[in-house]
Amino acid sequence: MDNLTIARLFSEAADLMELGEENPFKIRAYRNAAQLIAALPAPVTSLSPDERRALPGIGKDLAARLDEVARTGRLQLLDELRAKTPASLLEIKRLPGIGPRTLLMLWREMGIASATELEAAIHAGRLRTVRGFGPKKEATLLKALASNRDLVARHLLPDCLARGDALRAHLADAGPQARVVLAGGIRRGTELCSGIDIVAAGTARDLASIAEAFRSYSLVETTEESPGGLTARLWGGMQARLVMCAPTAFGATLVWHTGSDAHITHLQSRAEEKGLSFADGALQRGRTTLSTDSEETFYDALGLAWVPPELREGLDEIELAASGALPTLLEWDDLRGDLHMHTTASDGKVDAEAMAAAARDAGLDYIVITDHSPALAMVNGLDNRRALEHADHVRALDRRVKGIRVLAGIECDILADGRMDLDDEVLASLDFVIASLHSALTQPRAEITARVIKAIEHPSVDMIGHPTGRKLLRREGADLDIDAVLDAAAAHGVAMEINGQADRLDLRPSHARKAKARGIPIAVSSDAHSPRGLALKRWGLTVARRAGLTADDCLNARPLPAFRKALRRHRA
DNA sequence: GCCGTTTTCGGCCCGACTGTTTTCAGTCG
């Protein structure tokens, strides 16, 4: 069982314990364990019991729970909790404004145990009778319930990719001669996926054993036949779809099942122009199906260059592929620096030295340490005095450490009125300043747009961090006039961030395209809170590629001198 | 439930905002 699945068990147990009014510190211990496991480099099941016990935050009890999962693949505690409290309660807990207290009250006093029941209760006016509920809260809840419906059965990309990769490897083992690859949204890198799509091409014999391996996979709960293959519901609710084809149909089948729908529609038009047809995963001239043993062959038949999956969104990629003008997309190895990370000075897990060592080992040339400002009291944000001391500390580290440059920065809150959360002189003395929204995200469009623009106009601000503040599957983020914000950023030479946290991915691809069109430097940053977190740039990179960004568009793809020059110019 | 060189008990991140109250509970980050 993979780490993400195990982390989810502990996280769900924590959620359910919260409803049982357990000791809050016990709940936190389970949450911390979930976070730890999700971030472990090696499968937690591959560690010895002693190694598990030695993990920070894993004591006697949690180590025993982990042993149980490693041994049996189940967590009995979770089964017991699920028996006591309906799991459907947790879909309500995801709604904004509903915390554990409210949830418990709704369930105990009113018998509301699911999103559907909550919606019915609101419409029946039953919530009005409850202390603490008024028209405003009803309105926010109804809005959230509506968007929640759209999000049912959608999952974050890393969740889908981790499970998809594990399933793909399992199927590939069953048919060593076959080609077994991920398709669908996972392959295109969409930030939310509806499930796992896998295409397998091989001999009839190989395909038969792959289908059998799919049916008997440990996480599969139910399977049914679907066109060209099988569909399964996985434990935890995710869907997995397997499509099988002959090797000569691999190219067209993979294109078809990679999508997107809009891209396929454009390909169909292109096929018609060439006297061909493309339907149900088959490329045909008249009644003859053309052999496409690879995607390259498929695109070539349409007079197109191979289109990277991240660009297959039905925008301008077909024209570009026809004229040989597809961009050379940004790659992992292009990233020279990381401009956003936290340390134990605020809410990070390790100190600046450990982050620097990890970044150097990961091959980076430079990093910026950007801890929080004091508005975020909960994360021990730095006030003026501590920010200056921390900068001194980081610069001393920079002189001492070999093989990487470490710059002193800050992630400074943009206060509700648009002022910065630290003194101007302090910000001016740092090497790099990120300005971010963390609170009052529900301000009206005009107000919150003006607030971000005011931050952009501040002479010491170099970059806006996670501009809209969205949290995928949880909240929409600020109602920003993104065009106005980007116009201001372009005018003032302020960079924009693509934040790599999997539930942020903010800027989103459409916004990043607009930023590129204005010539705004775009950073792909990790917002890491631990050494492992540095790898989160991977998801930001996917967004950048979906936006058609090249290395030239990316601020932290520049070598340190060029990166610095870009900042100096804007400060001059 | 975890942790500890001041260790087996008593700590463990806390302040602002919101919608509702009429002085505050609950949520959020």
Side-chain angles (χ1 to χ4, degrees), chain A residues 10-11 13-37 52-66 68 75 77-78 81 92-106 109 127-144 342-349 371-383 386 411-417 419 421 436-444 447-448 465-466 469-471 474-478 499 501 503-504 506 527 529:
Chain A
F10 282 78
S11 171
D15 284 344
L16 291 174
M17 277 192 273
E18 204 162 33
L19 303 181
E21 296 172 292
E22 269 278 9
N23 170 6
F25 296 105
K26 178 177 173 182
I27 294 162
R28 187 191 294 171
Y30 272 78
R31 292 235 162 88
N32 288 342
Q35 273 196 355
L36 174 87
I37 296 160
R52 284 196 284 266
R53 177 67 177 84
L55 294 169
I58 302 299
K60 189 162 73 77
D61 285 38
L62 283 169
R65 302 274 185 215
L66 278 174
E68 181 201 344
L75 184 60
L77 169 76
L78 182 57
L81 286 165
I92 313 184
K93 186 159 178 280
R94 216 157 69 173
L95 301 171
I98 304 264
R101 311 287 309 186
T102 312
L103 186 51
L104 206 56
M105 186 276 299
L106 290 173
E109 310 286 321
L127 245 60
R128 288 292 175 95
T129 63
V130 180
R131 183 188 157 85
F133 279 84
K136 280 217 172 173
K137 207 152 195 178
E138 280 189 353
T140 15
L141 280 177
L142 283 176
K143 196 173 159 216
H342 299 270
T343 72
T344 39
S346 61
D347 61 344
K349 302 278 188 221
D371 277 299
H372 288 288
S373 64
L376 287 180
M378 177 205 174
V379 300
N380 189 27
L382 306 165
D383 59 18
R386 287 182 62 218
E411 182 183 17
C412 184
D413 260 60
I414 305 171
L415 300 176
D417 60 4
R419 283 180 304 120
D421 192 27
S436 300
L437 295 174
H438 286 113
S439 58
L441 293 175
T442 55
Q443 286 174 339
E447 191 178 347
I448 201 155
H466 47 71
R470 75 167 174 183
K471 284 280 184 102
R474 289 203 51 218
R475 63 162 191 242
E476 289 289 332
N499 187 292
Q501 299 278 334
D503 61 345
R504 288 195 184 271
D506 177 19
D527 198 353
H529 288 67

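Each chain gets a letter, A, B and so on, in the order the sequences are listed, and its residues count up from 1.
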Original post:
With nearest nucleotides of DNA chain B determined for Lys26(A) and Thr102(A) from heavy-atom distances, which residue corresponds to the more 5′ nucleotide?
Top reply: Lys26(A)
Original post:
Where the side chain of Ala377(A) is defined as all heavy atoms beyond and including C-beta, which of dC13(B), dG15(B), dG1(B) is the nearest nucleotide?
Top reply: dG15(B)
Subject >> Between dC2(B) (P) and Asn32(A) (CG): distance, integer Å >> reply: 11 Å
Subject >> Spatial distance of atom OG (Ser373(A)) from atom CG (Leu415(A)) [nearest 0.5 Å] >> reply: 7.0 Å
Subject >> No-hydrogen, no-angle side-chain donor-acceptor test under 3.5 Å, Asn499(A) and Asp527(A) >> reply: yes
Subject >> Between CZ on residue Arg65(A) and CG on residue Leu78(A), distance to nearest 0.5 Å >> reply: 10.5 Å
Subject >> Atom P, compared across dC28(B) and dT23(B): separation rounded to whole Å >> reply: 25 Å
Original post:
Taking atom C1' in both dC12(B) and dT7(B), what distance in whole Å separates the two?
Top reply: 15 Å
Original post:
Are Arg31(A) and Asp15(A) within salt-bridge range, i.e. N to O under 4.0 Å?
Top reply: yes
**OP:** Provide the Watson-Crick or G-U wobble partner of dA16(B), both distances under 3.5 Å; none if there is no partner.
**Re:** dT27(B)
Original post:
Taking atom C1' in both dC2(B) and dC13(B), what distance in whole Å separates the two?
Top reply: 16 Å
Subject >> Closest nucleotide among dT27(B), dC3(B), dC12(B) to the Arg28(A) side chain >> reply: dC12(B)
Original post:
Can you list the steps and then say if Gln501(A) with His466(A) is a side chain to side chain donor-acceptor pair (under 3.5 Å)?
Top reply: CA-CA 9 Å; Gln501(A) 299 278 334; His466(A) 47 71; over 6 Å; no
Original post:
So what does Ile27(A) touch, heavy atoms closer than 4.0 Å: a base, only the sugar-phosphate, or nothing?
Top reply: nothing
**OP:** Identify whether any heavy atom of Asp61(A) sits under 4.0 Å from a base atom; if not, whether one sits that close to sugar-phosphate; answer base, sugar-phosphate or nothing.
**Re:** sugar-phosphate
Original post:
Which value, in whole Å, describes the distance between the C1' atoms of nucleotides dT6(B) and dG11(B)?
Top reply: 13 Å
Subject >> Distance, rounded to the nearest Å, where Lys471(A) contributes NZ and dC28(B) contributes P >> reply: 11 Å
Original post:
Between Lys471(A) and Glu476(A), is the closest basic N to carboxylate O distance under 4.0 Å?
Top reply: no
**OP:** Round to a whole Å and report the spacing from CG of Leu103(A) to P of dT27(B).
**Re:** 9 Å
**OP:** Quick one: label Asn23(A) by what it contacts on the DNA or RNA (base, sugar-phosphate, nothing), any heavy atom closer than 4.0 Å.
**Re:** base
Subject >> Residue Pro100(A), side-chain atoms from C-beta onward, closest of dT27(B), dC3(B), dG1(B) >> reply: dT27(B)
**OP:** Could you give the distance separating dG10(B) and dC17(B) at their P atoms, to the nearest angstrom?
**Re:** 36 Å
**OP:** Determine, for nucleotides 17-25 of chain B in 5'-to-3' order, which nucleotides have protein heavy atoms under 4.0 Å from the base (write B), from only the sugar-phosphate (write S), or from neither (write -).
**Re:** --SS-----
Original post:
His529(A) vs His372(A) aromatic rings, parallel, tilted or perpendicular, using cut-offs 30° and 60°?
Top reply: tilted
**OP:** Using only heavy-atom distances, determine whether the side chains of Arg386(A) and Asn380(A) contain a donor-acceptor pair under 3.5 Å.
**Re:** yes
Subject >> Whole-Å P distance, dC9(B) and dA16(B) >> reply: 36 Å
Original post:
Within this structure, what is the CG-to-P distance between Leu55(A) and dG1(B), rounded to whole angstrom?
Top reply: 18 Å
